Protein chains: 4
Amino acid sequence: MAEIKEASSAEVGATAPGVRARRKAQRPQEILHAAFDEFVERGYTATRIEDVANRAGVTKGTIYLYFQNKEELFQDVVRKLSQPIFNEEQFWQEHQNRPSDELVRLYLDTVYEHMTVNPYSREILRFLISDGRSFPDLTASHYEEFVRPILTMLQHILEKGVREGIFRPEAAASQMSYILLSPALTLTIDKLLDCQTDLPELGDYVNAHYEMIMRNVRN
Amino acid sequence: MAEIKEASSAEVGATAPGVRARRKAQRPQEILHAAFDEFVERGYTATRIEDVANRAGVTKGTIYLYFQNKEELFQDVVRKLSQPIFNEEQFWQEHQNRPSDELVRLYLDTVYEHMTVNPYSREILRFLISDGRSFPDLTASHYEEFVRPILTMLQHILEKGVREGIFRPEAAASQMSYILLSPALTLTIDKLLDCQTDLPELGDYVNAHYEMIMRNVRN
Amino acid sequence: MAEIKEASSAEVGATAPGVRARRKAQRPQEILHAAFDEFVERGYTATRIEDVANRAGVTKGTIYLYFQNKEELFQDVVRKLSQPIFNEEQFWQEHQNRPSDELVRLYLDTVYEHMTVNPYSREILRFLISDGRSFPDLTASHYEEFVRPILTMLQHILEKGVREGIFRPEAAASQMSYILLSPALTLTIDKLLDCQTDLPELGDYVNAHYEMIMRNVRN
Amino acid sequence: MAEIKEASSAEVGATAPGVRARRKAQRPQEILHAAFDEFVERGYTATRIEDVANRAGVTKGTIYLYFQNKEELFQDVVRKLSQPIFNEEQFWQEHQNRPSDELVRLYLDTVYEHMTVNPYSREILRFLISDGRSFPDLTASHYEEFVRPILTMLQHILEKGVREGIFRPEAAASQMSYILLSPALTLTIDKLLDCQTDLPELGDYVNAHYEMIMRNVRN
DNA sequence: CATGAATGAGAATTCATTCAT
DNA sequence: CATGAATGAATTCTCATTCAT
């Protein structure tokens, strides 16, 4: 989490006119992160605004200067702290001319790297599973903006492989990317449950996942 | 839910001494189901005991005749409404002499049938993702009693296939069953999020899942 | 306390026609004693009817067969378990012709003996101090029936001593018995507070009390 | 009660920064007094936090800004509203060179004056008799801080009289002060019970008490 | 802008009392 | 008579939200 907070501070710090203004400009971010942490620890309903305020180093009233109410705060946490894994355009540019099986590997590495480094996606998934029914639009838009692109990206790689003839035609069937990505979700849920499942090393797991995909898509 | 209520009435109905006794015997089940429904709709923290009571057709006080407090009620919901998918022994007896690939198919059909017919496992997963950190033992024991057996069952089928030479030796590697079962979990989470993902028919999905497994385990 | 419970059982036991009837006849007494014990341990408000019932070996409903409600139960405990220390007439008959100073000693011994053997007076005093304002008539009538006679008895002894010329005339002044009996009340309060005051042996205390009286009343 | 409230305002009033701060500084005292009054009227258990709040002119929630819970409130009432009768050092300074019998009289006058003017000691005794068993440390520390010093003070006066030869040696025996002070406690209990005992004027009672003491301690 | 005292609508829990069996 | 399941009013305590300073 730290690296992200720092990233966001960095964005602001450089050109801000004074300490006061800098503080002020950061406030919403600081509050969002404090809220995120509290929501992770206690869940939405059990989190008290005052806890968020304390963690953010401000007082209750201040929260209400930046967020209408607790529900808005929650939704803003989900909306503003969600981070896309891929910029698809950039991915294609960076990896032009690579064979499709290598692209699958790069894709997978990126997905697991993101999951490893960054607790946001995982915990936001928890928020949506726990309290999403109270915020149906939020769930839908989060899915469209942050989940679907990941599936679409894989779909595009698979289609490329099919076009190139190294993947079998059925590899681009509609539900395929969905099924092929599943093991990553399984690992996520496992961490959310935090129960001692005896999983192997992450590296082995990624390899196994990669091989599973290949056996399904290769001609 | 229906089948459970009926089961419990059946146990008691015949020999119950009087109306009062019969009611008393059913109450805990009725309350558990009402609580389950409310927890599903609102989540643990946002559910009020009075809501549970109203849904169960009793008053607040009655809840406390049968459950110490809200936390115990929650834990009892998870413990008592969880249902094992397989009786492994019975599975083997019923399907003696079947070839391993057919067993995989039977296994998968059972898993998806269970998921379709019965909201308990799915919603209890939601409970544990949402509030499991407040009840760590609960999560652990639920995992051991209801989740691990499903993985173990698959593992045993895979091992049988390997022994018979129709599955490749790596099919019984430790993380394999974990990975191969993932698509079922994905579907579960999808339903928990209740967002309009454009999944195909369940039948097609199961077929795709089955084929994914076969491509990974066949020699 | 035991000896009193036994006393009351004994009264009934001998000639009762059957066990059932005997039980029934004892019920109110048993409930009163159970209630007394609970009130002593927890105080009036904090005592639950069910605790009383459990201690009496019956169920909640049964209490209401014998007592209108909790308030009545409390008042009956005070009224029916209060025990007079003296039967004044009997005292005079038994100790005819004794000199007055000896009567004072006999009187004092009786008072302290009663206090030692029997927790009722003390605890009923606690009840009245704690909750008497909710039952003003109760307090008044208890005072008249059980407290004033003790003071009057002493008053009469003092008057006798004055008549006989061995006590000075002022010994029979109106507030005198009140003041002279005070040390016994002090000891009672001390026990009610149950704080470790470093009082000497009871015997020494009674001697000191007796001497205090004598120094005040002797000519 | 008045004098205490005023005292606390005086401490703060002068330099307080604003109305809010001034209010905040007074609130705990105001609540303590309101709680005291309610506890006196209804007893600890029967007093509702809301009653205290209403009497203090605030709402329920406010009580909890200043006191953790009802038990703490009760204990703070006992601890913070208890007032020592004597500052022993000051007593000796003010009354240097007075004969011991005169000191006894001054002592007694102070005790009864305190009892007359100030309901705190009396009612706190009620609290401890009623509910002290739920707060054993409270009872013990109250005894040490507020009761024992009164007995010790008398003990010291008696010892001085013995040294000076005007009191007989036994006047300083350990239980003596305990016995000699008893009539004051009797009067206190009498007021707690609020039953119409036909006591004479307070002045006469104090005189009688004083004479009782003198007859016991004079050579 | 920021504060934090105050509010008051709830929510969990308890328990005297009733009444069908 | 006795039971004990059920009730529901009452009570403690919490916390999102407001607003005077």
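Only a predicted model underlies this, so the values are computations on that prediction, with no experimental measurement involved. Any value given below was found using the heavy atoms of this structure, including those in side chains, with hydrogens, waters and symmetry copies removed. Letters go in sequence order (proteins before strands), and every chain restarts at 1.
Rounded to an integer number of Å, the gap from C:Q26 CD to F:dA2 P is 12 Å. Atoms NZ (A:K60) and P (E:dA5) sit 8 Å apart, rounded to a whole Å. The CD-C1' distance, from B:E38 to E:dA11, rounds to 14 Å in whole Å. Computed from coordinates, the C:R42 CZ to E:dA16 P distance equals 11 Å when rounded to whole Å. Per the geometry, CG belonging to B:D51 stands 10 Å off C1' belonging to E:dA11, to the nearest Å.
Listed by chain and number, the residues in a side chain to side chain donor-acceptor pair (under 3.5 Å) with A:E41 are A:R55 (sequence neighbours excluded). Qualifying side-chain contact (heavy atoms from CB on, under 4.5 Å) partners for B:R48, counting only residues two or more places apart in sequence or in other chains: B:E50, B:D51. Partners of A:F74 according to the ring pair (Phe, Tyr, Trp, His ring centres under 6.0 Å) rule, which considers only residues two or more places apart in sequence or in another chain, are A:F39, A:Y44, A:F127, A:F135. Residues that satisfy the side chain to side chain donor-acceptor pair (under 3.5 Å) test with A:S82, not counting sequence neighbours, are A:H142.
DNA chain F is contacted by D:Y64, D:N69, D:K70 of residues 62-75 of chain D, taking any non-hydrogen atom closer than 4.0 Å.
Where A:G61 and B:A46 meet DNA chain E, the nucleotide closest to each residue was compared, and A:G61 sits on the side nearer the 5' end. Comparing D:G57 and B:I49 against DNA chain E, the residue whose closest nucleotide sits nearer the 5' end is D:G57. Nearer to the 5' terminus of DNA chain F, by closest-nucleotide assignment, is the contact made by B:V58 (compared with the other of B:V58 and A:T45).
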Worked check of side-chain contact (heavy atoms from CB on, under 4.5 Å) between D:N69 and D:I49: CA-CA 9 Å; D:N69 52 40; D:I49 289 287; over 6 Å; no
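Annotation: the span from D:K80 atom NZ to D:Q75 atom CD amounts to 11.0 Å, rounded to 0.5 Å. Atom OH of C:Y64 is separated from atom CG of C:L73 by 8.5 Å, given to the nearest 0.5 angstrom.
In this structure, B:Q29 and B:L32 have side chains that are in contact, with non-hydrogen atoms separated by less than 4.5 Å.
Stretches of at least 3 consecutive Watson-Crick or G-U wobble pairs, with each checked distance under 3.5 Å, appear in DNA chain F as E:2-21 with F:2-21.
Pairs passing the salt bridge (charged side-chain N to carboxylate O under 4.0 Å, His left out) check and including a residue from residues 66-75 of chain D, sequence neighbours excluded, read D:E72-D:R79.
When distances run from any side-chain atom of C:R48 to the nucleotides F:dG4, F:dG8, E:dA16, the shortest one goes to E:dA16.
D:T47 comes within 4.0 angstrom of the backbone, heavy atoms only, and of no base.
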